[in-house]
Amino acid sequence: MLDEYKDRLQIYYNEACAATSKTGSKKPALSMDAWCAICKGELRIGSDKKQSAKAKALWKKVKVTYYKGGSEEAKEFALVGDYQVHRESQITGDDRCKEVFKCRLTLLEAKFAFLNSQGMEQMKAGDATDDDAMACLDFDEFLECICRCGRDKFVECGMPLHEAIRGATIAGDLVPVLCGSALRNKGVQPLLNAIIAWLPSPMDVPEVTGIDPRNDQPADRPHDPKAPLSALAYKVAIMEDGRRMVFMRLYSGTLTSGSALENPGLGIKEKVSRIFLMHANHRERKERIEAGNIFAVLGLKKTRTGDTLCDPANPILLEAIDSYEPVISQALEPETLAEKAKIEESLAKLADEDPTFRWYEDEGTGQTIIRGMGELHLDILVDRLRREFGVGVRTGRPQVVYRETINAAAEHRESFERAIEDGDKVIFGDVTLHAEPLERGEGNQISWDVDGTMSAEDLELLTVDLRKLIEDCIEQGFGSGVLEGYPVLDTGITVKRVGFKDGATDETGYRAAASNAMREVLRKADPVRMSPVGSVEISTPPEHTGEVIGSINQRRGRIESMEERSPMVSVISATVAMEQMFGYTTELRSMTQGRASYTMTFSHFDRL
């Protein structure tokens, strides 16, 4: 397969000889003929122990010699030969074969990371040692993975390895994983290099698509600084002085300071006062920014996370960033009445930053209720109130947010008729609804099935506006269940019939009939309450696994899986009602001597 590269091999061999002679070291111990034989697959690795040992010894020399003295192209070509030998071998699963083809990806660049005197990580050229050459990564499996991802061109024509990795990454076939520690400042520079070398630039991905708000038709924007401007706000942060800084991604066009932008989601226009490129906690001010950049701006008063900003003359609405609805609530009150106004101002700022956080004042009790994604989420927000905003607060026990659904199918007809003004005018409405339970996670659905239950004359009277009015009443009914007033989920409502009466058709009558029919059909359909269920993952030492499983069972949880990730750590996955997990952190640490931890995310609502 690699006969056509023999001339290039001779050049690489000469380069390695010249490089090693300059440093005073010995010339490559492996002859040119042996090197060609290996690359052509003529030196087979079979079951013969001597032959296997010979191949291993030769390849050890190749790894050390050619990574030391060869050029970048020679090193990558050596890996092509490495792969070719293994592919032509008949024992690809043999452990000895795997031992032969181990090397490090960093050896491709012959560079190593080290910390300078200021503690900053730098990449420094270095020599590959024998131990480095036979390091921890099974490079043969890595090359097999690239070829399975459709990168056979890498082997067939000597495509540079970085180009092959980048192509597979952009196609979504490969996910590079790098190790490091931000705390110890290790692995940061290789990560940044990998981002530059392997991740796609804006020109490598398709054009961004959205909706033209003027006609609701699909629209797209090319990644071009000369195209109409389109940007997406992905984070809002409150600065120390109280100003709002909005972080954005510019998909197309060019933005300059002082530009007026349209927010089609809110139907408003906003003006950008300043533009910054962010470098950790350092801000670099810019007068203009072009497509493809991530940056921050000041001056936007109303823009929220997930909003689109665009050229007013060429509006486009990009796909918004979805966020989960809060599932846990907690009562909050100031330590003194003088801090009540300050609490409201501080909560408004926190809600501006975090789209998963909500707060409101309960009309019945006068309490301030905060809502979030979990107990830890609320604890952090309360701590920020005290630490960043200097507000003294007291909190109550967290409460989960429930939902309602139905267990059975039901049908109800509601007829509404009232005479007003001495009987001269009659308000009439007649609606028949059918309710049925849906599978968990399907949400609520509204459908119409009136063709077989209404006459042709009545169908002509069923206008688009009347249909919308009835659907709005049903949607309002979904917002407040009949059991305890919680929102209704996973319920299908079908409008079976709409009745009419000559001279008595009025929107008020149909609104009343639809609302009453919705309430009564839900009451007939066996309504039940649903609790939020969380997905829990617990990491614990193996000797405490039995205690942890017992604690989950006591909280009426269900064990989904168990996995031993290492001799020191076992991972238990379970689903548990979130109301049962309050205070579990303290209990878990107590039973495992502080060695276990857990994470919990909202999964779904279900009947317990």
Side-chain angles (χ1 to χ4, degrees), residues 1-2 4-5 39 72-89 92-93 98 101-109 111 123 135-180 187-211 218-225 227 230-232 234 248-253 290-294 306 308 316 318-322:
M1 174 184 172
L2 300 174
E4 63 270 25
Y5 294 120
C39 287
E72 294 297 317
E73 192 177 14
K75 295 167 188 174
E76 292 183 354
F77 193 81
L79 295 174
V80 176
D82 194 355
Y83 172 78
Q84 177 65 10
V85 174
H86 181 59
R87 193 163 87 164
E88 293 189 5
S89 173
T92 55
K98 291 184 178 181
F101 301 110
K102 288 181 179 178
C103 66
R104 256 186 175 164
L105 181 60
T106 51
L107 295 177
L108 281 175
E109 298 177 353
K111 294 181 180 179
M123 300 300 290
C136 59
L137 181 63
D138 192 334
F139 207 84
D140 177 70
E141 291 187 1
F142 177 71
L143 295 176
E144 287 277 9
C145 177
I146 291 180
C147 290
R148 285 197 302 270
C149 294
R151 302 291 149 185
D152 291 308
K153 183 181 176 185
F154 164 67
V155 176
E156 293 172 1
C157 63
M159 175 192 290
L161 181 60
H162 285 300
E163 185 178 336
I165 298 174
R166 187 171 189 272
T169 303
I170 293 174
D173 300 323
L174 192 69
V175 180
V177 178
L178 293 91
C179 299
V188 178
Q189 192 61 44
L191 173 63
L192 296 176
N193 292 344
I195 291 173
I196 295 172
W198 299 337
L199 294 189
S201 75
M203 302 304 295
D204 294 318
V205 296
E207 297 179 350
V208 63
T209 59
I211 300 295
D220 53 51
R221 294 287 184 271
H223 303 290
D224 186 353
S230 63
L232 184 70
Y234 65 89
M248 303 172 63
R249 159 79 184 272
L250 188 61
Y251 285 98
S252 63
E290 292 187 348
N293 279 288
I294 295 175
T308 301
I316 186 173
L318 304 178
E319 182 179 0
I321 300 175
D322 294 330

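Computed from a predicted model, the values in this text were never measured in an experiment. Residue numbers run from 1 in the order of the sequence given.
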**Q** If I compare all heavy atoms of Met248 with all of Ala231, which pair ends up nearest, and what's the gap?
**A**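 Heavy-atom minimum between the residues: CE-CB, 3.5 Å.
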**Q** With a cut-off of 6.0 Å (strictly less than), are more than 12 heavy atoms of other residues, nucleotides or ligands near CD of Glu319?
**A**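 Not more than 12 within 6.0 Å, no.
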**Q** Identify the two heavy atoms, one from Leu232 and one from Gly306, that lie closest to each other, and give their separation to 0.1 Å.
**A**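 Reported closest heavy-atom pair: CD1-O, 3.6 Å.
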**Q** Taking all non-hydrogen atoms of both residues, which atom of Arg166 and which atom of Ser201 are closest, and how far apart?
**A**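 Arg166 and Ser201 have their closest heavy atoms at NH2-N, 3.8 Å.
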**Q** Quick one: pull up NE2 in His223 and CG in Asp204 and give me the separation to the nearest 0.5 Å.
**A**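 Between His223 NE2 and Asp204 CG, I get 9.5 Å after rounding to 0.5 Å.
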**Q** Please give me the minimum heavy-atom distance between Val205 and Pro200, naming the atom from each residue.
**A**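 Answer, listing the atom of Val205 first, then Pro200: CG1-CB, 4.0 Å.
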**Q** Within the distance-only criterion (no hydrogens, no angle test), does the side chain of Thr308 pair as donor or acceptor with the backbone N or O of Leu318 below 3.5 angstrom?
**A**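 Indeed, once roles are kept as given, a pair shorter than 3.5 Å links the two residues.
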**Q** If I compare all heavy atoms of Ser252 with all of Ala227, which pair ends up nearest, and what's the gap?
**A**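 Shortest heavy-atom contact: CB-CB, 4.1 Å.
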**Q** Taking atom OH of Tyr251 and atom OG1 of Thr209, what is their separation to the nearest 0.5 Å?
**A**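 Separation between the atoms: 10.0 Å.
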**Q** For the atom pair CG (Asp224) and CD (Glu207), what is the distance rounded to the nearest 0.5 Å?
**A**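 Separation between the atoms: 9.5 Å.
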**Q** Side chains of Pro176 and Thr169: closer than 4.5 Å at any heavy-atom pair?
**A**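 When only atoms from C-beta onward are counted, Thr169 and Pro176 do touch, with a gap below 4.5 Å.
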**Q** For Ile170 versus Trp198, what's the shortest heavy-atom pair and its separation?
**A**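 In terms of heavy atoms, the two residues are closest at CG1-O, 4.2 Å.
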